[in-house]
Amino acid sequence: MDDVAVPVVVTSVAGLAGVGKTALALACGHTATEAGWFTGSLFIDLHGYDESPVQPGQALEAFLRALGVEPTGIPARVEERAALYRSELQDRAAQGQRLLIVADNAASGDQVRLLLPGDHRHRVLITSRHTLPTLDARLVDLAVLSPEAAAALLRHAVRRADPADQRVLDTGNGLEELAGLCGYLPLALHISAALLILEPGQTVAELTRELAAAQSRLSFLDDGERAVRAAFDLSYRRLPAEDAELFRLLALNPGPDIGLGAATVLADRPLPKIRTVLRSLVQAHLLDCVNRRWSMHDLVRDYAVELVDDAQYAAADGGEREGATGATRPYTAALSRLLEHYTATARAASARLTNQPDPSTSGEFADLDGALAWLDDERANLTASVAAAAATKHTDVAVRLPVILYDYLIWHGYFDDLIAVTATACAIAHEAGALAAEAGAWNNLGIALTEASRYDDAIDAHTQACELFASLGDHNERGKALNGLGAALRDSGQHAEALRVHQEALTIQEAVPDVQEQAAVLNSLSLDHQELMNFEDACATAEKAASLFHQLGDTTNKAKSLCTAAFALQASGRNEEAQAACERAIAAGSVGSPRDEASILMTCVEILADLTPQQQIAYLDRAQAACERANDQGLQAYALFSIGRAWIAAGDTNQATAHLTRAAAMFEDLDLIDEAGEVRELIALLRS
């Protein structure tokens with residue numbers, strides 16, 4: 001009998017307040033009864049989250065009355081009522097009756113345990129804001145709606161009230177945006193629909209703008225009978241004190257989710273205790289947990305933030321009237337702990353990227369993969385921490401953290417993130433009068449803007465950095481800023497001006513002296529000379545750069561300089577020397593970041609004429625994988641294009657078409673229409 005499936009007698013549907021558990025239960029119950037699965041039903045609202053929830057004895061009395069038991073025949077003792085209830089259900093099962101028992105809005109397993117039938121021919125459907133794992137039930141967690149379903153609900157609700165209402169039928173009317181602002185939560189969606197119904201002259205776009213601009217979405221989402229805040233209040237009031245405290249503290253996390261380590265730091269409690277409380281909040285559906293990271297629904301987060309704001313306001317008000325310190329200190333201290341945790345851990349992780357582990361945090365990450373994994377998990381929190389630090393006057397974090405994140409964000413090509421955090425650092429450092437930090441931030445911002453092809457802005461940023469470093473008398477850093485300025489000028493097409501700026505930078509670095517920066521500027525000068533067709537000078541400066549990087553043991557930049565030299569040598573007709581430079585680049589060893597690896601491999605494939613198609617494909621596959629790791633879609637598209645052409649040379653048109661199709665799609669996504677057109681033409685030729 002072990003292989004015989006046991007019927008599921010109890011199903012427990014759980015989810016966030018307002019997610020539609022009761023509506024789903026009633027709809028399923030009606031559908032099942034109409035389909036003939038049940039001969040009747042029993043329903044009770046247990047009011048589990050109200051101040052006076054229905055007690056098990058009261059629920060049993062209600063069910064016994066519904067089953068036809070006379071009031072005088074209902075026992076006083078709860079256990080006796082439960083026995084009579086099961087007996088009544090068994091009698092009905094013996095008569096061929098099958099009942100669906102719906103226990104709505106239960107707060108715990110104990111509240112419904114005595115309502116479970118003794119006969120498996122009946123079924124029980126429970127709804128709760130808590131997951132109820134101790135009931136031996138089929139557990140169903142109900143999520144918010146999809147964007148499409150949420151928009152459909154709004155449309156249906158408005159049209160049901162007035163079939164002639166055209167406001168929700170027009171395309172581009174903001175219905176999807178309104179659904180998003182409601183967090184796709186059915187309760188919030190129904191309230192928004194009611195607001196539209198109550199004001200027929202208001203457009204969807206107008207309501208959407210009002211909700212987006214509202215100081216409090218929770219206050220706005222109230223139609224006079226239903227309110228999102230009131231629904232959340234019921235869940236929050238049932239939390240134990242420790243759970244409520246962590247729930248409020250989690251609102252301080254700047255990003256969309258939080259890891260266990262950060263939550264432990266935030267709460268300043270032992271890890272086992274925090275794990276237990278997090279589990280409890282997940283069970284209450286006030287938190288979600290995915291891949292060991294905890295997050296809140298948007299509206300729940302708004303609610304938690306308002307709890308913190310109310311506590312801080314009350315504490316400040318109380319302090320004025322009574323001299324009390326109030327509740328502001330725990331929140332301020334918790335946020336400070338969290339920001340310092342993110343900053344210190346990011347510093348340790350970043351040190352792994354640059355092969356310069358910090359002795360004070362050497363045990364934090366055992367290897368590069370661990371450091372990258374942590375940075376990937378926490379990227380949204382780290383970038384949001386910069387803005388949070390700026391807003392809360394944690395000036396040191398707001399200035400330091402963007403510098404710490406620089407290598408990682410460059411490594412993966414997250415230039416928009418780098419621009420955002422570095423621009424914040426510029427403003428905060430300026431406000432604090434920290435000129436050196438401000439100058440460094442402007443220089444980093446210029447590099448990020450150049451990478452994002454915003455050349456005019458990059459030139460302005462580097463110019464600002466040069467002027468600040470000059471005012472500080474810091475010639476070395478000014479030379480670095482000039483190197484960045486020259487790169488922005490060259491990429492913007494101002495090649496002669498770029499050459500002049502780089503020559504000035506080289507003079508400074510030779511005088512300092514700084515060999516590392518001399519080599520970097522020499523590589524830049526080679527690129528300038530190539531743009532100006534000065535190929536002999538381009539070859540000489542690139543070779544000199546490679547030689548200096550070799551002396552420094554910097555294999556990555558040595559390989560990059562050799563690739564620069566290879567292009568110059570090829571352009572000047574010295575093909576054998578160009579191929580030799582590429583071979584030396586490949587033999588250099590470590591290639592640093594994925595973007596560097598991809599660039600070097602693609603350069604070598606382009607120049608090394610004696611590579612077989614299979615060898616080209618092998619190199620280009622590595623380059624494409626590196627582009628993917630680096631999040632560089634532009635370079636990845638070129639790599640796929642090159643792989644496609646290599647497969648054509650290898651005689652495999654199927655593989656060629658597959659890679660070329662991916663390349664064309666990526667070029668189109670990047671709005672590189674000419675490149676996409678070239679690839680599409682090649683695909684058409686292959687298919688003709």
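Keep in mind that this is a model prediction, so the values were computed, not measured.
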- Looking at side-chain heavy atoms only, is the closest gap between Ile673 and Phe667 below 4.5 Å? no
- Query: For Tyr408, is the NZ or CZ atom of Arg379 found under 6.0 angstrom from the centre of its six-membered ring and inside 45 degrees of the ring axis?
  - Reply: no
- Polar side chain donor-acceptor pair, Asn483 to Glu517, under 3.5 angstrom: no
- Query: Of all heavy-atom pairs between Cys604 and Leu611, which one has the smallest distance, and what is that distance?
  - Reply: O-CD1, 4.3 Å
- Query: Is the shortest heavy-atom distance from the side chain of Asn444 to the side chain of Leu418 under 4.5 Å?
  - Reply: no
- Task: Identify whether the distance between the nearest side-chain nitrogen and carboxylate oxygen of Arg400 and Glu340 falls below 4.0 Å.
- Result: yes
- Query: Are Arg680 and Glu675 ion-paired here, with the side-chain N under 4.0 Å from a carboxylate O?
  - Reply: no
- Name the one of Gln624, His412, Glu597 that satisfies side chain to side chain donor-acceptor pair (under 3.5 Å) with Arg629? Glu597
- Query: So, Ser547 side chain and Lys544 main chain: donor-acceptor pair closer than 3.5 Å or not?
  - Reply: no
- Got a donor-acceptor contact below 3.5 angstrom from the Asn534 side chain to the Asp537 backbone? no
- Under 3.5 Å donor-acceptor, Arg595 side chain and Gly413 backbone: no
- Message: Nearest 0.5 Å, please: how far is OH in Tyr331 from OG1 in Thr392?
- Response: 15.5 Å
- Task: Among Thr424, Asp417, Asp416, find the one that has a side-chain contact (heavy atoms from CB on, under 4.5 Å) with Thr383.
- Result: Asp417
- Looking only at heavy atoms, which two atoms of Gln518 and Pro513 are closest? And how far apart? NE2-CB, 3.9 Å
- Message: Donor-acceptor pair, distance only, cut-off 3.5 Å: does the side chain of Ser350 make one with the backbone of Arg347?
- Response: no
- Shortest non-hydrogen pair, His394 vs Ser336, comes out as NE2-OG, 2.8 Å
- Item | Expected output: side-chain His529 to main-chain Glu536 donor-acceptor under 3.5 Å | no
- Shortest non-hydrogen contact from Leu601 toward Ala623: CD1-N, 3.8 Å
- How long is the gap from CG on Leu522 to NE2 on His502, to the nearest 0.5 Å? 10.5 Å
- Query: Is a side-chain donor or acceptor of Gln570 paired with a backbone partner of Phe567 at a separation under 3.5 angstrom?
  - Reply: no
- Flag yes if more than 12 heavy atoms outside Asp456 fall under 6.0 Å of its CG atom; otherwise flag no. no
- Query: Taking 4.0 angstrom as the limit, do Arg490 and Glu497 come out as a salt bridge?
  - Reply: no
- Message: Is any side-chain heavy atom of Thr345 closer than 4.5 Å to one of Phe365?
- Response: yes
Identify all side-chain donor-acceptor contacts of residues 249-269 below 3.5 Å with residues at least two apart in sequence or on another chain.
unit_1	atom_1	unit_2	atom_2	d
Asn253	OD1	Tyr342	OH	2.8
Asn253	ND2	Asp257	O	2.8
Asn253	ND2	Asn381	OD1	3.1
Asp257	OD1	Arg293	NE	3.2
Asp257	OD1	Arg293	NH2	3.1
Asp257	OD2	Arg293	NE	3.3
Thr264	OG1	Leu260	O	2.8
Arg269	NH1	Ala267	O	3.3

- Message: When you compare the side chain of Pro594 with that of Cys627, does any pair of heavy atoms fall below 4.5 Å?
- Response: no
- Which atom of His462 lies closest to which atom of Gly446, heavy atoms considered: NE2-C, 3.2 Å
- Give the intermediate values and the outcome of salt bridge (charged side-chain N to carboxylate O under 4.0 Å, His left out) for residues Arg584 and Glu577. CA-CA 10 Å; Arg584 288 165 60 199; Glu577 293 177 69; over 6 Å; no
- Inspect the contact between Asp596 and Lys560 and indicate whether a charged nitrogen and a carboxylate oxygen are less than 4.0 angstrom apart. yes
- Query: How about Val399 and Val403: do any of their side-chain heavy atoms sit closer than 4.5 Å?
  - Reply: no
- Task: Step by step, work out the side chain to side chain donor-acceptor pair (under 3.5 Å) result for Asp528 and His495.
- Result: CA-CA 6 Å; Asp528 297 336; His495 305 136; over 6 Å; no
- Message: Using every non-hydrogen atom in the two residues, find where Phe549 and Ala520 come nearest and quote the distance to one decimal.
- Response: CZ-N, 3.7 Å
- From CG (Leu489) to OH (Tyr455), nearest 0.5 Å: 11.5 Å
- Enclosure of His341 NE2 (heavy-atom neighbours >12, cutoff 6.0 Å): yes
- Item | Check against side chain to side chain contact (heavy atoms under 4.5 Å, CB included), Val679 and Thr661 | CA-CA 8 Å; Val679 179; Thr661 301; over 6 Å; no
- Message: Check Glu467 with Arg478, please: is the shortest side-chain N to carboxylate O separation under 4.0 Å?
- Response: no
- Query: Do the side chains of Leu506 and Gln503 get nearer than 4.5 Å, heavy atoms only?
  - Reply: no
- Message: Do Thr564 and Asn523 pair up side chain to side chain, a donor and an acceptor below 3.5 Å, judged on atom types alone?
- Response: yes
- Query: Are Leu405 and Thr422 side-chain neighbours, meaning at least one heavy-atom pair lies under 4.5 Å?
  - Reply: no
